[in-house]
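Right, one structure below, let's go through it.
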Amino acid sequence: MPTITRPTRVTPAQALAVATTLALPALAQGVVVRRPTMVRLAALADADGRAVRLLRRLRAEHGDAPLLVPVPGRGHAVLPLASHDVLAVLEDRAFTPATREKRGALAHFQPDGVLITPDHGLRQRRRSLNDEVLSTDLRPFARVVEEEAATLPREGVLTWQVFHAAHWRLVRRIVLGDGARDDVTLVRQLDRLRRDANWSSLRGQRTDVRTAFLRRLRGHLARAEPGSLAATLAAAHAPADVHADGQVPHWLFAFDAVAMAVYRALALLAGHPAPPVHDLLRAAVLESLRLWPTTIAILREVIGPNPWGAPEGTLVVIYSPYVNRAEPGSSYRPELWVDGGDTWAGVPFSAGFARCAGEELVLFTAATLLGAILRERELRPSVRLEGAMPGTLDHFHLRFAVKAADR
């Protein structure tokens, strides 16, 4: 049942603490694409850890009630802290994912994306298309993952730059086909638009870059290369108003975040060795996403009657670093995800009607990539991860000493 817990107003001092300790560092790191320098500073300052501790203190003072925080130009924002409140928001259609902030950000590169579609009927049609395409047979993608994993070093050093480039190659092949493997220009154009998206509607849209990006993307989609998601999309025959091609930029955007999760999972597995079984590798990816969410804040906006009686337009902010650690804690706990774990473990793929449609695709490719890397290599990370995990793990500067695995 939806919660009926009423939000509690924070004091002006507490509101200032939320703004400076939580909101500003999250925005500085980049909500659409991470800024390496700011992630580095956040890690050095333990910014995410400080934000989590602040919310723990506020919850201890105010109880489980959501926090009502004033936001300049936005009235108030509600921050749910308890798991039942988080789920109530994500499962209730009175809270839309198409918030003002999200529309301003994602419109830079995916104006037709399902998450920023305000019309309920159209959003449902776009969601159905995403579900249909992304639930395709995943097994053929294993070959692509294995081949790109084989390009990574077996001796020496593995850096984020080398890993990220290989990951983008497999993403382009899975989404668009082998013909897109080396199209780095497509990614550079997307990254330019995503950097603008960090500023939401405060930054004007680069229509020239977006036009060039979409033209290039549609060229790949027109091939509908067999064995790719592009081919499955072409066979779906979606209605014209769904703008099928317009869903693909979100797949590329979301898939890029997977690289962070896999790279960090490598560091977790190096410190917590486990048999290279698919379910355990999958659990490592989920723990990576739980401990270091690639989506720092899940946003919703009130559009109808709701359990809190919040007025229409109220912003709801689910701060993932806190809610993912609130109950299971900050240690590495892969058992949360094995055999249908019975403990709340946050929302690494969101939840409810806007849950990530590509969750199974992501976890399959991520676990397959981990297995392919670890089968041939022994890795020693530059950061030792034991006990309580740090609030921020700077993947940009994370390195691995690599040597070929003994056979």
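Residue numbers run from 1 in the order of the sequence given.
- Among all heavy-atom pairs drawn from A366 and V262, the shortest one is CB-CG2, 3.5 Å.
- No cation-pi contact links R206 to W199, judged by a cut-off of 6.0 Å to the six-membered ring centre and 45° from its axis.
- Residues R35 and N198 approach most closely at NH2-CB, 3.3 Å, considering heavy atoms.
- Panel note: side chain Q247, backbone H243; a donor-acceptor pair is recorded below 3.5 Å.
- When atom types are taken as modelled, the side chain of R103 and the backbone of I116 share no donor-acceptor pair closer than 3.5 angstrom.
- Of all heavy-atom pairs spanning A42 and T392, the tightest one is O-OG1, 4.0 Å.
- Looking at H62, its side chain never comes within 3.5 Å of a backbone N or O of L58 through a donor-acceptor pair.
- R399 is not listed as a side-chain neighbour of P381, based on a closest heavy-atom distance of 4.5 Å or more.
- Two residues are said to be in side-chain contact when any heavy atoms from C-beta on lie closer than 4.5 Å; R173 and F141 fail this criterion.
- A donor-acceptor pair is defined here as one N or O able to donate and one able to accept, closer than 3.5 Å; no such pair exists between the side chain of S201 and the backbone of G104.
- Residues R325 and D48 are not paired through a salt bridge, judged by the lack of any N-O separation under 4.0 Å between the basic side chain and the carboxylate.
- The two residues R218 and D245 come nearest to each other via the heavy atoms CG-OD2, 3.7 Å.
- Side-chain atoms of T136 never come within 3.5 Å of backbone atoms of E132 as a donor-acceptor pair (strictly under, hydrogens ignored).
- Note on ring orientation: taking the six-membered ring where Trp is involved, the planes of W160 and H395 are perpendicular (angle over 60°, cut-offs 30° and 60°).
- Side-chain atoms of H167 never come within 3.5 Å of backbone atoms of D256 as a donor-acceptor pair (strictly under, hydrogens ignored).
- Using a distance-only test at 3.5 Å, with no hydrogens or angles considered, no donor-acceptor pair links the side chain of R40 to the main chain of P36.
- Remark: side-chain polar atoms of E225 are paired, donor with acceptor, to backbone N or O of D178 under 3.5 angstrom.
- Under 4.0 Å is where a charged nitrogen must lie from a carboxylate oxygen, and between R264 and E287 no such pair does.
- Remark: side-chain polar atoms of R333 are paired, donor with acceptor, to backbone N or O of P328 under 3.5 angstrom.
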Criterion side chain to side chain contact (heavy atoms under 4.5 Å, CB included) on H220 and R172, from CA distance to verdict
CA-CA 10 Å; H220 290 302; R172 291 192 294 267; over 6 Å; no

Applying side chain to side chain donor-acceptor pair (under 3.5 Å), run through T151 and R169 and close with a yes or a no.
CA-CA 10 Å; T151 67; R169 290 194 296 271; 2.9 Å; yes

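- In this structure, F253 has its ring center closer than 6.0 angstrom to the ring center of F109.
- Paired with W168 under the rule side chain to side chain contact (heavy atoms under 4.5 Å, CB included), one option of L190, V184, D183, L186 passes, and it is L190.
- At a threshold of 4.5 Å between non-hydrogen side-chain atoms, the residues V402 and V157 do not count as touching.
- The nearest pair of heavy atoms linking A367 to L281 is O-CD1, 3.5 Å.
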I'd like to know whether Q205 forms a side chain to side chain donor-acceptor pair (under 3.5 Å) with R210, so could you lay out the CA-CA distance, the side-chain angles of the two residues, the decisive distance to 0.1 Å, and finally the verdict.
CA-CA 8 Å; Q205 295 184 10; R210 190 172 76 192; 2.8 Å; yes

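- What you find for R377 and P153 is that their closest heavy atoms are NE-O, 2.8 Å.
- The backbone N or O of V248 sits nowhere less than 3.5 Å from a side-chain atom of Q110 that would complete a donor-acceptor pair.
- Ring centers of W292 and Y263: at least 6.0 Å apart, outside the cut-off.
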